[in-house]
Structure formats: C-alpha cells, structure tokens
Protein chains: 2
Amino acid sequence: MDELDARIVRLLQANARQSNRELARTLGIAPSTCLERVRTLTRRGVIRGYHAEVDLPAMNRDVQALVSVQMRRHSRPIYEAFRDAAKNWREVITLFVVSGEHDIVMHVAVPDSDSLHSFLVDRLATRQEVARFQSSLIFQRIHNNVLDVLDSGD
Amino acid sequence: MDELDARIVRLLQANARQSNRELARTLGIAPSTCLERVRTLTRRGVIRGYHAEVDLPAMNRDVQALVSVQMRRHSRPIYEAFRDAAKNWREVITLFVVSGEHDIVMHVAVPDSDSLHSFLVDRLATRQEVARFQSSLIFQRIHNNVLDVLDSGD
DNA sequence: AGTGAAAGACATTTAAA
DNA sequence: TTTAAATGTCTTTCACT
C-alpha cells in the first residue's frame, strides 16, 4: 500500500467507471501497470467492489431516518435473529450493530412519513426481540471517501 | 422509470464496473439501448455516480463508531459551522443532520481506540458549538442496495 | 424506444527490461 | 514491478425501424 495505491483507491472512490486508460493517464503510468495495481488491490481485499450511487428521492424515498433499537435481552440469538430479519427489509439502507445505549442503529429510507410510521409500528414494534426504539428524521446526509491512510505503520 | 430501468439500477448497484455489453446481455437488450438507458438515468439524476467500496480495516481503520452530537443552541449558524468543519475531518465517513435528541450523527472510522479518544477529546470537545456528545462502537455494518422502488405512484 | 453495423477506443496478455 | 506492442473486445455513433 504505497502512495500510488492510495491515489488509485482515491480516484476509484470518486469515479469507479472511468476507464483503466484514463486512470493510468491521470497517474502518469502505463495502462498495464495500472491494471495490475487495481487487480492486486482487489485480490488483497482493499477494494471490495464498485457500486452505483442512486438518488433516494428519485427512487421514491423522500423520507429518511435513523432508527435506534434496544433489544429485550443482550443474548446473541436475540440480536442475531433481529439483525437477520432487519437486513432483508427493503426500507433499511444500512444497519449498524453497536454497543452503548442501543444495540442496533438503522438508516432507513421510505416514500413518506406514513411509510415511516408503518415501518415503526408494523415491522419494528411487532418484533418480540425489541424492547424499545427511537427514531430521528434525517435532513441531510454527507458522505466522505476514505481519502488518506491514517498513520500507516508500513 | 420502468421495470427495465429498475433492473439496470439494481445491477449497477451490485457491480458498477461491468461492461455495458455484459449489462445488455444480462438484460436481453442491445448494447446501444442499454447505453442510452444508463445515460438517461444519469441525466435524470437517478444514478448519481459510481464508487469503489474500500475495506476500512485494510485502510488502517479498525475502529468504527457512531458519534451523536447535541448542539449548544439550535440556530442555523451554529449547526452549519459545525457541520462544515466536521465534513472535512478525515475520520468522518458519513455525517447525518438529524432531528430528535441529537442534531448530528457521525459515522467515524479510525485506526484504534486511542485515535477515537483523540477524535472525541481533541476534535469534538474543543468545538464551542458542541454541548454534549455520546459515542457507541460499531461491531458490524451491513449495507443494502436500493432494490426496488417502494409503492411507486407512477 | 430499440436495433445492427462500423469505427475508433479500450482491456488484457505477453515478452522483455 | 514496469513497460510497449499486439490482439481481441468493447464503447459509441448513426442510419433505420
């Protein structure tokens, strides 16, 4: 993971669909070198995949919320059962398993506030694993790419 | 946004770097048709970009946390000043502006627990806009693609 | 809206430094 | 590791449906 690898990762995070040639041109290296670098990064698991970013409102998901869930008991089967159900709900964009006051935090996206209510009441409240939950509306969401390797020990 | 568009979005979310030809083959349409569809989806803002997914541990970010921040006062200049500072911090992967008990929730990723402590004490606690914050460690993070349009009214 | 054909651009392999 | 060259594949345009 040298400086060139870091630049490749940075550029592919910003635009994953640029051609290998364009990438190589930007970096000032030969296309074959660039291709080999990207392959190695992928083989080593540094690059995990490439994904299109979709606009949630355009997909009829105008309402977003963070929903924090507290389990009835902190046993593994309890939270695992809930997690495995929740990760298949189409409203859930990201699911975090966390420590602290709550056990699960979900980023959900739904068409409108009725759908959010229905999600909370029909999906969440009906689960036996769930003790309590609270939700907060998301007004804005800003994503950063992982730009630099912090304090690398290499 | 018909069924074909939805299938294109779904496939590009799963793998943004497959060739247009492969995409067309999967969908059973001509490459030129597929290209035009993707262009239209991009022009309409449904597809916002393509990004490489990076493995955080491989980038020396073994510790992740959700950090919830409460502002001193709920005025626009206060939270905007904080938000604009926070979105440039390299530890911050995603920043949510929310309603409810907290005003900002940040997903942060750092090398180790020392770095997390330093982030909380040196970056957060020193900000005048911040009244209180609490953090919870992330043990697992599961991301879902937006598979289907929910209850589309089209 | 969707298509096939054509031209040029690109990915990928290979041999060599 | 890196490269240039070569080959086969792909992107992209366009005339036509």
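Treat the numbers as computed from the prediction; the structure is a model and nothing was measured. Reminder, nothing fancy here: chain letters follow the sequence lines and each chain counts from 1.
- A salt bridge links B:R37 with B:D2: at least one charged nitrogen is closer than 4.0 Å to a carboxylate oxygen.
- Both tests pass for B:R17 against the ring of A:Y50: distance under 6.0 Å to the centre and angle within 45° of the axis.
- In the set D:dT13, C:dC10, C:dT12, the nucleotide with an atom closest to the side chain of A:R25 is C:dC10.
- Each of B:S19 and A:P31 lies near DNA chain D, and the nucleotide nearest A:P31 is the one positioned closer to the 5' end.
- Residue A:T33 places no side-chain N or O under 4.0 Å from the OP1 or OP2 atom of D:dT1.
- At the phosphate of C:dA11, neither OP1 nor OP2 sits under 4.0 Å from any side-chain N or O atom of A:R39.
- Side-chain atoms of B:E101 and B:Q70 include no donor-acceptor pair closer than 3.5 Å.
- Distances from the side chain of B:A30 to the nucleotides C:dT3, C:dG2, C:dT12 place C:dT3 closest.
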For DNA chain D, the dot-bracket notation using Watson-Crick and G-U wobble pairs below 3.5 Å, [ ] for pseudoknot-type crossings and | for other-strand pairs, is ||||||||||||||||.

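- With salt bridges taken as basic N to acidic carboxylate O contacts below 4.0 Å, one links A:E3 and A:R10.
- For A:L23 and C:dA9, the CG to C1' distance is 16 Å, given to the nearest whole Å.
- Counting only heavy atoms from C-beta on, A:S32 has its side chain closest to D:dT3 among D:dT13, D:dT2, D:dT3.
- Here B:F133 and B:H102 keep their ring centres 6.0 angstrom or further from each other.
- Taking every side-chain heavy atom of A:I29 into account, D:dT3 is the closest of D:dC10, C:dT13, D:dT3.
- Applying the 4.0 Å criterion to OP1 and OP2 of D:dC10, one finds that A:R21 has every side-chain N and O outside that range.
- A side-chain donor-acceptor contact under 3.5 Å links B:H74 and B:D103.
- Following rounding to the nearest Å, A:N20 (CG) and C:dA9 (P) show an atom-to-atom distance of 17 Å.
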